[in-house]
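Below: the structure, in structure tokens.
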Number of protein chains: 2
Amino acid sequence: MFLSTSHNKIDLKCRVSIPASYRLNLEKESSPLILFKSLQFKCIEGTTANRMQQYIDAIDQLNALSDEAAVLRMMMADAFEMKFDSGGRVIIPETLMDFSGLTDKAVFMGIGESFYIWSPSEYQIQYDYSQQILKEKGPPKLILSKSNLLKDVSNE
Amino acid sequence: MFLSTSHNKIDLKCRVSIPASYRLNLEKESSPLILFKSLQFKCIEGTTANRMQQYIDAIDQLNALSDEAAVLRMMMADAFEMKFDSGGRVIIPETLMDFSGLTDKAVFMGIGESFYIWSPSEYQIQYDYSQQILKEKGPPKLILSKSNLLKDVSNE
DNA sequence: CATATTATAATGGGATATCATGGGTTTTTA
DNA sequence: TAAAAACCCATGATATCCCATTATAATATG
């Protein structure tokens, strides 16, 4: 699992340390790290090769000629397999830096199966929004059974 | 299961002993310990990795842009996988210390599938509040099904 | 029944390893 | 042949490990 949040520096060579716990998780899954443009937000998403395949399969299930599928394929085309240096750093590709608005600081946000890399300002927006939702609506009412089923009863 | 209450000290390195019975439970489930910010209270919640995986699986079943998904992602971002030292202690991350108002003492409160870590003062507030509700409204009505689902219907 | 004995749990502190970061040097490759 | 990427080593801060000590609970003993 990718969990927790950390704020790391991006140096002049566009190098950034991937949090040790994330690297450990990749090692455990014996997977390289894949970075690509988030399909939902102005940030980079990082994940395992397996998880990436899931995304690709999901796109395949859409109408191949639809605009939606075309857009998703474009996003996926900008996916990169990363190489670590001896200190656990990667060089963030320029297209991803530009897309996510990253400059000198990166916020790593673990969300389970994958993680996001935000610019500090975009991260703050996202965080504040989530906090606001939590205040207004309260915690999501999920019933977690042993069979991993999810039932949303918020409208009942 | 995580049960019973205990008061342990937090030392200058932010180390705290996790109650032996909780550790035994984790060992039985052969699961690491995950700590995260409670979505409901000003306290830390601890649980098994298995339990956390259920929440992660739940995210995939929601619309990625939904409010519920945003809150659950934030929950993952504020979660940490803990490592025990030889004495059964963990180091509480600074963000969790700040969030829950912990300083030098921690109150552990087992609630079954997970447990809470309170500052003594917050614990007292919560305890008093619960006692008051119990007096005013009487015991909550619970439906315990065979499938181990728990649904609180006290507000319905 | 009170007290001694033992085992287990919780705590304290210092040595060691790891992590995030900086900067230099060599090797690609465009 | 420049620019970029890969490789190398150095460093301060922090987490991890290890061993010693104190406290609490569990059992036994006079």
Side-chain angles (χ1 to χ4, degrees), chain A residues 2-28 32-35 44 46 78-98 102-110 115-120 123, chain B residues 2-28 32-35 44 46 77-98 102-110 115 117-120 123:
Chain A
F2 297 105
L3 294 178
S4 88
T5 302
S6 48
H7 301 244
N8 289 351
K9 196 173 179 187
I10 302 173
D11 68 17
L12 297 171
K13 297 178 184 176
C14 287
R15 292 183 301 186
V16 67
S17 287
I18 302 297
S21 68
Y22 295 7
R23 268 149 40 204
L24 217 67
N25 187 46
L26 289 164
E27 210 172 307
K28 208 182 64 187
L33 170 61
I34 314 287
L35 294 186
I44 301 170
D78 286 321
F80 299 85
E81 184 172 326
M82 306 310 299
K83 287 171 189 167
F84 289 98
D85 72 10
S86 62
R89 286 175 296 194
V90 301
I91 294 178
I92 303 181
E94 208 177 334
T95 48
L96 296 184
M97 290 282 289
D98 294 344
L102 285 169
T103 54
D104 61 336
K105 281 187 177 160
V107 184
F108 289 81
M109 179 181 177
F115 63 85
Y116 293 143
I117 310 176
W118 301 91
S119 73
Y123 169 75
Chain B
F2 300 107
L3 295 175
S4 87
T5 301
S6 52
H7 301 242
N8 289 350
K9 192 176 179 186
I10 302 172
D11 69 17
L12 296 171
K13 295 180 182 177
C14 290
R15 292 183 301 188
V16 67
S17 288
I18 302 296
S21 68
Y22 294 8
R23 268 146 44 201
L24 218 66
N25 186 44
L26 290 164
E27 210 172 308
K28 207 184 64 187
L33 169 63
I34 312 286
L35 295 185
I44 300 170
D78 289 330
F80 299 82
E81 183 172 328
M82 307 310 299
K83 287 170 189 166
F84 288 98
D85 71 11
S86 60
R89 287 175 296 192
V90 300
I91 295 178
I92 303 181
E94 206 178 335
T95 52
L96 296 185
M97 290 283 289
D98 294 345
L102 285 168
T103 54
D104 60 336
K105 281 188 178 160
V107 182
F108 289 81
M109 179 182 171
F115 62 85
I117 309 176
W118 301 88
S119 74
Y123 172 74

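Below, chain A is the first sequence line, B the second, and so on; all start at residue 1. Since the structure is predicted, the reported quantities are computational estimates derived from the model, not experimental observations.
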How long is the line joining [atom1] of [X] and [atom2] of [N], in whole Å?
| X | N | atom1 | atom2 | result |
| --- | --- | --- | --- | --- |
| B/Arg89 | C/dG14 | CZ | P | 13 Å |
| B/Ile91 | D/dC18 | CD1 | C1' | 14 Å |
| A/Glu94 | D/dA4 | CD | P | 9 Å |
| A/Phe84 | D/dC8 | CZ | P | 17 Å |
| A/His7 | C/dT21 | NE2 | P | 12 Å |
| A/Leu24 | D/dA15 | CG | P | 16 Å |
| B/Phe80 | C/dC19 | CZ | P | 16 Å |
| A/Lys83 | D/dA4 | NZ | P | 17 Å |

(message) It should be established whether B/Ser17 places a side-chain nitrogen or oxygen under 4.0 Å from OP1 or OP2 of nucleotide C/dT11.
(response) yes
Among the nucleotides [options], which one has an atom lying closest to any side-chain atom of [X]?
| X | options | answer |
| --- | --- | --- |
| A/Arg23 | D/dA5, C/dA10, C/dA20 | C/dA20 |
| B/Asp85 | D/dC18, C/dA20, C/dA9 | D/dC18 |
| A/Arg15 | C/dA10, C/dG12, D/dC8 | D/dC8 |

(request) Look at the side chain of B/Asp104 and the backbone N and O of B/Ile10, then say whether any donor-acceptor pair between them is shorter than 3.5 Å. (result)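 Checking the backbone N and O of B/Ile10 against the side chain of B/Asp104, no donor-acceptor pair under 3.5 Å is found.
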(request) Check for a donor-acceptor pair, side chain of B/Tyr22 on one end and backbone N or O of B/Gly110 on the other, with a separation under 3.5 Å. (result)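 Side chain of B/Tyr22 to backbone of B/Gly110, a donor-acceptor pair under 3.5 Å: yes, one is there.
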(message) Check this for me: does the side-chain of A/Lys9 come within 3.5 Å of the base of C/dG22 through a donor and an acceptor?
(response)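 No such pair is found, so the answer is no.
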(request) State whether the distance check finds a donor on one side and an acceptor on the other, under 3.5 Å, for side chain B/Lys13 versus base C/dG14. (result)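 Such a pair exists between side chain and base.
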(message) Tell me the closest heavy-atom pair linking B/Val16 and B/Ala106, and the distance in Å.
(response) CG2-CB, 4.3 Å
(request) Indicate yes or no: at least one non-hydrogen side-chain atom of B/Ser119 is less than 4.5 angstrom from one of B/Val107. (result) no
(message) With a 4.5 Å cut-off on side-chain heavy atoms, are B/Asp78 and B/Thr95 touching?
(response) no
(request) Answer with base, sugar-phosphate or nothing: what part of the nucleic acid does B/Ile18 contact at a heavy-atom distance below 4.0 Å? (result) sugar-phosphate
